[in-house]
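Structure, as structure tokens:
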Amino acid sequence: MADHTAALEAYGRAAALAAEHHTHLDTAMRLMRTHAWVGGGAPAFTAALARHRAGLQSSLTVALTTLAHLVVRQGGPAPVLPALTTSVTTMSATPGTFQGIDPLAMSALISALEHAGQTLSAAGTRLAAELSAHGLPAEPGHSLGRIADWSTTHGSDLRRRLTRIQQIVPGTSLPAGLAAHDLFAAHATDPAAAQALLARVAGGDGDAVTRLLDLQDRGGDPGLAARVHAWWHTLTQGSREELIRLPGLGLLNGLPASVRDRSNRLGLASQKAALKRRLDDAAAELDRLDDPTLFGGWERLANQLRRIENIERELQPVAGHPPPLLLAFDVTGQGRLIVSWGDPDTADTTVTSVSGLTSGLDAAPGDLQRSRALWQQATATSGSRSIAAITWLGYDAPQIDPGVFDPAKSVAFGHAAAKGATALASFADGLRAAHEPSSTARAVIVGHSYGSLTTGKAATLRPGRLADDLIFVGSPGVGVDHATELGVAPGHVWVGEAGNDPVAALGRFGADPGNASFGAQHFPVGRDVYTSAHSSYWDADSPPLRNMGRIINGQYDKLTGAEPLNEQPQLLMPEIAPGLALRLER
């Protein structure tokens, strides 16, 4: 029988190698698991890293087991095999709608990979030599060499990408979407269609913008906005300046708000000039042919021009408010308009208002005024935190017109809300992708009337990611039977119902959010005249407006009650007309 001494010594050297190197990918794995990744190539990279880490520990275990069997075959004592499988414990990343990625952590990840690549290469060579010297398969050593090559290659690639990103996006934190879609782009499994369309947009292809907007409106790709954001940051400044005038570019969710505003204002001016030319041509045609049937086309163009002029008026600065940002518009059909008072990319709190029945481009002034009222009320109690208040008229809300008999358009059905929900979910994706990273910034959505159903459906499309707080006022139902189905943290679904609000009493779409069994938090509102109650939530200095401002700021312990009703006998009962009853009493 051969002397087992040499085999035992070889086992000892291999065991020392294993003890030194079996945890070399643990740090990288821990860093990847600590961050909350969505979309892009980060999840695929994490899976690849996990496979290589398991392969490292498995190869070392196989090598030691093979050498231990050799020792026993040669008459020696069976060596005690060390446990080489480790567990990676992590603390979860702090949840937050606008959470970013720490570049220092990414630098540590890169260093860990590069260190593993350098040391595992030599370790693999030594291990293969030990095994070969005793006539054993050298594959475990070769496996370490392949893992070393993988670590070196991807460490170098990540360092190059991180350096470029930090040159483009200065700061102490990177947007999570940008890191996922650019830092780990080599592992991206994003739909090829969107990637190809973005490449075409970079070349100035307007049709590609239209097709991207179609993908966006479908709302089926939660990572699309983050991919658009990452793509924009890879462009040179010269390319951005050329693309800023590309029709429709400013409608893409994920672009910075300032870029969207500039692009959309240029587009608004361009459309206005084109409409004026077409109107002049149409008027000349009417005069020349004296054909009354041509008047319909002229009137359609005139209506679009009127809408553009109305948007221009609404975009004028308002004293005491931040400059408005035009995030989207469309003057055709029912129309679209999305305006932000304050920059949503830097705001500490962003509140988006979603309206319902009869809302649309032609009724936009009232909705814009409500957003300004929310901005003013929230800002009054926000301290040093900045507020951005957004009017989101991004879907075809039901109207009081012949469409009321069409289930796809009627307020009695949820079809319009379902279609609007995909657009709202995509818009929220864009807010998150474009926001400067912050662990304390908040997103709030206020859904009013039928808009609360649109908001509820959007929440189920993006569970836990649509907003930090949902506020429903005058709601006929939000499409679910319990607040927990909305994917928002417990205690962060809020319901306000004015006494005498006929819509809030319907409970038409799912369980009535006003019922205690729904599980939402209720905030005091008070009562108003039956005909005014449904629109009373934004009345100046009213309990509902004050309380919505507090909720927007996360000041849940500072909600105030409504003024008590006058219970003295009156000609008009307080329950029917409380405001008038109080005035008569005074």
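Along the sequence shown, the residues carry numbers beginning at 1.
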- Rounded distance (nearest 0.5 Å) linking atom CG of D102 with atom CG of L31: 9.5 Å
- Message: The criterion is ring-ring contact (aromatic ring centres under 6.0 Å, His included); which residues satisfy it with Y395, sequence neighbours excluded?
- Response: W392
- Query: Hey, are R218 and D214 close enough for a salt bridge, meaning a charged N less than 4.0 Å from a carboxylate O?
  - Reply: yes
- What distance do E139 atom CD and R146 atom CZ have between them, rounded to the nearest 0.5 Å? 4.5 Å
- R126, CZ atom: more than 12 neighbouring heavy atoms under 6.0 Å: no
- So, are R160 and D157 salt-bridged, with charged N and O less than 4.0 Å apart? yes
- Task: Could you tell me whether H69 atom NE2 has more than 12 heavy atoms of other residues or ligands within 6.0 Å of it?
- Result: no
- Does any non-hydrogen side-chain atom of N253 lie less than 4.5 Å from one of D429? no
- Counting distance only, does the side-chain N/O of H187 pair as donor-acceptor with the main-chain N or O of G41 below 3.5 Å? no
- Message: For E241 and Q237: C-alpha separation, side-chain torsions, deciding distance, then whether side chain to side chain donor-acceptor pair (under 3.5 Å) applies.
- Response: CA-CA 6 Å; E241 287 299 319; Q237 186 60 36; 3.3 Å; yes
- ring-ring contact (aromatic ring centres under 6.0 Å, His included) with W232: which residues, sequence neighbours excluded? none
- S386 pairs by side-chain hydrogen bond (donor to acceptor under 3.5 Å, both in side chains) with which of D348, D343, T346? D348
- For residues 40-50, which residue pairs qualify under salt bridge (Lys or Arg N to Asp or Glu O under 4.0 Å), counting only residues two or more places apart or in two chains? none
- Neighbour count above 12 (heavy atom, 6.0 Å) for R211 CZ: no
- Item | Y556 OH to I551 CD1 distance, which is reported to the nearest 0.5 Å | 8.0 Å
- Message: Is the shortest side-chain heavy-atom distance between T349 and D468 below 4.5 Å?
- Response: no
- Hey, does S263 have a side-chain heavy atom less than 4.5 Å from the side chain of I244? yes
- Contacts of type ring-ring contact (aromatic ring centres under 6.0 Å, His included), residue H52, not counting sequence neighbours: W150
- Query: How would you list, by chain and number, every residue that makes a side-chain hydrogen bond (donor to acceptor under 3.5 Å, both in side chains) with Q57, sequence neighbours excluded?
  - Reply: T86
- For D481, which residues count as a salt bridge (charged side-chain N to carboxylate O under 4.0 Å, His left out) partner, sequence neighbours excluded? none
- Crowded around R245 CZ? As in, over 12 foreign heavy atoms under 6.0 Å? no
- Query: Any side-chain donor-acceptor pair under 3.5 Å between R442 and N553?
  - Reply: no
